[in-house]
Number of protein chains: 2
Amino acid sequence: MTHSRRMTLKDLARELGVSTATVSNAFNRPDQLSPALRERILGEASRLGYRGPDAKARSLRTGRSRIIAVILAESLTYSLNDPVASEFLSGVAEVLDAQGHTLLLLSSRQAQGLLPGSASMADGFIVYGLMPSGDLLDTLPAQAPLVSADFDIAGRPSVHVDDEPACYGIARHALRRPPRRPGIINLRLTAEPCNGRVTPDHTLLGPEQTITRSRLIGFHRALEEAGFAPDQVPMWNIEENTFPVCEPVIAGILDLPEEERPDLLLCMSDRIALTALTLAERRGLRIPEDLRLTGFDGIAEGQYRSPRLTTVRQDSTEKGRIAARMILGLVPAEPSLLATELIVGESCP
Amino acid sequence: MTHSRRMTLKDLARELGVSTATVSNAFNRPDQLSPALRERILGEASRLGYRGPDAKARSLRTGRSRIIAVILAESLTYSLNDPVASEFLSGVAEVLDAQGHTLLLLSSRQAQGLLPGSASMADGFIVYGLMPSGDLLDTLPAQAPLVSADFDIAGRPSVHVDDEPACYGIARHALRRPPRRPGIINLRLTAEPCNGRVTPDHTLLGPEQTITRSRLIGFHRALEEAGFAPDQVPMWNIEENTFPVCEPVIAGILDLPEEERPDLLLCMSDRIALTALTLAERRGLRIPEDLRLTGFDGIAEGQYRSPRLTTVRQDSTEKGRIAARMILGLVPAEPSLLATELIVGESCP
DNA sequence: TTCGCCTTCTGGAACGATTCAGTTAGCCTG
DNA sequence: CAGGCTAACTGAATCGTTCCAGAAGGCGAA
C-alpha cells in the first residue's frame, strides 16, 4: 500500500484475487459479472483509492478518447473574446458535456496549419470560422470525422447560416426609408489586411472570405433594387471584430464633413454597429434621425442597450449544437442551413 | 501500402530497415542519430503518409499528454458567455499555445463533482471561479499540479485579485460626492439562490462566495467611513451575471418610487452596471445626475459605451496567463495577487 | 446420464509508442 | 597496437488498459 506509484487496475485485480478482465468489466460492463462481485470490486477500489481506469491507457486500447477538438481559425485569444465565437463554442460544449465528451480548444497557428501533437488524440474535429489550409487538413487523422461551420470543405458536412438572403433582408428593411447616403462597413473582406476605406476592387477577392462576401452580395442586391449603384456606395473594411480596431475606422467615417457622412450604415457585425452607435452618441448625433445603423449576429449586448440594435439574429449556439451532434453521430452528418431572424430595434426602425 | 490500418512507427521502421527506437529518435531526439539517417526517415515518413507518433500511445508511455484542463465552476455555456471568464480563458490559452500545450475545457457538472473520464488525461488543472467540492478534488489525479483562480484551496497555489481594497477604493471614490440613497447590487452572495432584494441576514453566509463577499466588505467599509450604516443600505442580489437575469431585478429597483430609488448603485460586475445603465436610459434617467453607477471587472463593453462606466479594472487575461505559467512550471507556483486599477468614467465621475 | 446452453470468470495478446541498457564500429591517444 | 572513448544504432521491456477466445460450473431437457 505504498504511495510510490499510482494504483492500477492490475494491482486491484491482484489484491482481490480476480483477473484484470473482471475488474475492467466491473467498471465498463456491469452485465458481464455478478452484481455481488461487482459490488466487492467497486468497494475495494474506492477503499484503496483506485480512481478508475486510466484514461490514457484506455484511449490507446480503444482508439477513442472521448475528446472532440474545435479548431478556431483565429487565435484563441481573439475567438474567446468574440461573442459570436463564444456562443458557438457554448453550443458545442453543451452537447459534448451532455454526452460525456470533452472539448479541446485548438487554434490553427497563424495559418501555418500546425497543430500541437495532442490534437491528434481527438475523436473528431469541428473547424470554425475560416477555411483551413490544406496542410492543416493533412495533419488531422485521415479517418476522423470533421464538420465545418460557416464555410465548406469539399466533401465534408458543414453547418451554415444563409448570409446572403439575411443581409438582403435587413438591407431591404433599412432601405424602405431611402437614405441620402448609405454606407457599408465590411468585416475582413479585402485580399490584403486593411482597416479603412476600400473600393470594390479591393474586396470580393480571395477564395476564403465566403461568409462576409455573401453578406456583401446581399447588401448590394438590396441597394441595387432600391436604385443605388452598388459600386458607388462607399465601403470601409475592418480586419478584426474588436472595439479597439473598430474605433478609429468608425471615427474616421463619423468625422467626415456632413455632406459626405453616411446617414445609413450597414454593418457586418453587431460589434461594429455598436461601436458606431457609441461613437455617434459621443458626437451628439441622434440615432436614428441623423444616423441609422444595422448590425449582424444578434448578440445580447445589442439588445440590452438603448437604442436597441436593428440586426439579423443568427443562432450561433444552435449552430454549435448541431455541429457537435453531427460529430457525435447523433444526427446525420449532412450540410445544414440555419434560419435567421430580422430584429428591428430603434437603431433603424 | 493498403489503407486498411493506420501506419505505425513500427511499420515505418520495418519499411526502412531500422529499429523503432531510431525512428522514435528521429522524431523526438534529433541529436541521437546522424542527420543523414534522420533526413531519410522523415522523408520516407511523409512519403508514406505517416503523420508522426500517435498521441495516445505517447501519452500512455510517457505519462504526459501536454493537455491542461481548466475546470469551470459554472456550466461551460455560462462561462463562455461571460466576458470575464472568457478573458481568463484567453490568457490561459495564450500561454499554453505558446508552449505547445492544449486546453481542455471542463465544467464541474452541476456541483456533483463529477468529471468525464477523459479529464484525468490532463497534466495539470486550473480551477476557476468557485470552490470545487471535495469530491471533485478526489476525482483528480492526486499528484497532478493544480492552481486555483479567484479563491484558495488549502495548500495549493492560487492567483487572485485583491477584491476588498479594490471595492473599498471605488466606493470611496463614489462617496466623495455624498449620495442621498446609496444601494448595492451583489453578485451571487446569498446562501440560497435569490434574485432581488436581500437583507444583510441573507448574505455573507456560506464558505464559498469569497470573491463577492470580499467585495461587499470593501463596499461596507467605505460606506461606514462616509457615515452610512452598512446594514441600512439597501442590497439586491443577482444570481447570474447575464442580461436576462439582471433585467427584472434592476427594473424593480429603478421603478421604485423616487423617494426610495437609489441615486448611487455600487454593482459587483460590469454586466450588472451596464444593464442598469441601459434600463435607466430607457426610463429617461440622466446619468450621472439622477443615478450614478459603478461596476467591477473593466470589460471592454463598459469602456466602448457612452457614458463610459466607472469601474475597477482587473486584468483577467493576465490572471489566466499567470495560472497557466504556474501550471507549466514557468514561474514558481506560489500565491499571486494582481493589482487592480480604478477607471473613472462618466457613469460616476 | 449425457448433451448443450447459459452465466461467470480468466489468460493473454494487442494498442503504438518511449527508453534503458547494450552492442558495434570507428577514431584518437599514448 | 592495446586500450579507451564516443557516436550511432538496436532489442526488448514497459506504460495500463480492453477484449477475444475459451474454461469451469450449474442447470434443464431429452
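Here is the naming used below: chain letters follow the sequence lines, and residue numbers restart at 1 for every chain. All of these numbers come straight from a predicted model, not from anything done at the bench.
Separating the CG atom of D11(A) from the P atom of dC15(D) is a distance of 10 Å, rounded to the nearest angstrom. When rounded to the nearest whole Å, the span between CG of N25(B) and P of dG16(C) equals 20 Å. Atom-to-atom, CE of M121(A) to C1' of dT17(D) comes out at 16 Å; the value is rounded to the nearest Å. In this entry the distance linking CZ of R6(A) with P of dG16(D) reads 7 Å, nearest Å. Rounded to whole Å, the distance from OH on Y50(A) to P on dT17(D) is 4 Å. Straight-line distance from the CG atom of L60(B) to the C1' atom of dT17(D): 8 Å, rounded to whole Å. Rounded to a whole Å, the NZ atom of K56(A) is 16 Å from the C1' atom of dG16(C). Remark: C1' of dT14(D) and NZ of K10(A) are 9 Å apart, rounded to the nearest angstrom.
Regarding contacts with the backbone of dT10(D), a side-chain N or O of S19(B) is found under 4.0 angstrom from either OP1 or OP2.
Contact annotation: side chain of R58(B) to base of dT18(C), donor-acceptor pair absent below 3.5 Å.
The shortest side-chain heavy-atom distance between T102(B) and M121(A) does not fall under the 4.5 Å cut-off. Using a 4.5 Å heavy-atom threshold, the side chains of P335(A) and L337(A) count as separate.
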query = What string of B, S and - do you get for nucleotides 22-28 of chain D, 5' to 3', if B is base contact, S is sugar-phosphate-only contact and - is no contact with any protein heavy atom under 4.0 Å?
reply = -------
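Interatomic distance, T212(B) OG1 to R188(B) CZ, rounded to the nearest 0.5 Å: 7.5 Å. Between the CD atom in E15(B) and the CG atom in L48(B) there is a gap of 5.5 Å [rounded to 0.5 Å].
Side-chain contact check for S65(A) and D123(A): at least one donor-acceptor pair (N or O, by modelled atom type) lies under 3.5 Å.
Contact annotation for T62(B): backbone-only contact, meaning every heavy-atom pair under 4.0 Å involves sugar-phosphate atoms and none involves a base. Using a 4.0 Å heavy-atom cutoff across all strands shown, S59(A) reaches no nucleic acid atom at all. Counting non-hydrogen atoms under 4.0 angstrom, T22(A) reaches a base of the nucleic acid.
Identified under the ring pair (Phe, Tyr, Trp, His ring centres under 6.0 Å) test for residues 48-67 of chain A, with sequence neighbours left out: F27(A)-Y50(A). Within the structure, every pair that satisfies the ring pair (Phe, Tyr, Trp, His ring centres under 6.0 Å) test and touches residues 62-96 of chain A, not counting sequence neighbours, is listed here: F88(A)-Y128(A).
Each of D54(A) and R61(B) lies near DNA chain D, and the nucleotide nearest R61(B) is the one positioned closer to the 5' end.
In this structure T22(B) satisfies the side-chain hydrogen bond (donor to acceptor under 3.5 Å, both in side chains) test together with S19(B), sequence neighbours excluded. Under the side-chain hydrogen bond (donor to acceptor under 3.5 Å, both in side chains) criterion, D82(A) pairs with N241(A), not counting sequence neighbours.
For T8(B), whose side chain is taken as the heavy atoms from C-beta onward, the closest listed nucleotide among dT18(C), dT10(C), dA17(C) is dA17(C). Of all nucleotides listed (dT17(D), dT18(C), dG12(C)), dT17(D) comes nearest to the side chain of L9(A).
Listed by residue number, the members of residues 26-43 of chain B with any heavy atom below 4.0 angstrom from DNA chain D are L33(B), S34(B), L37(B).
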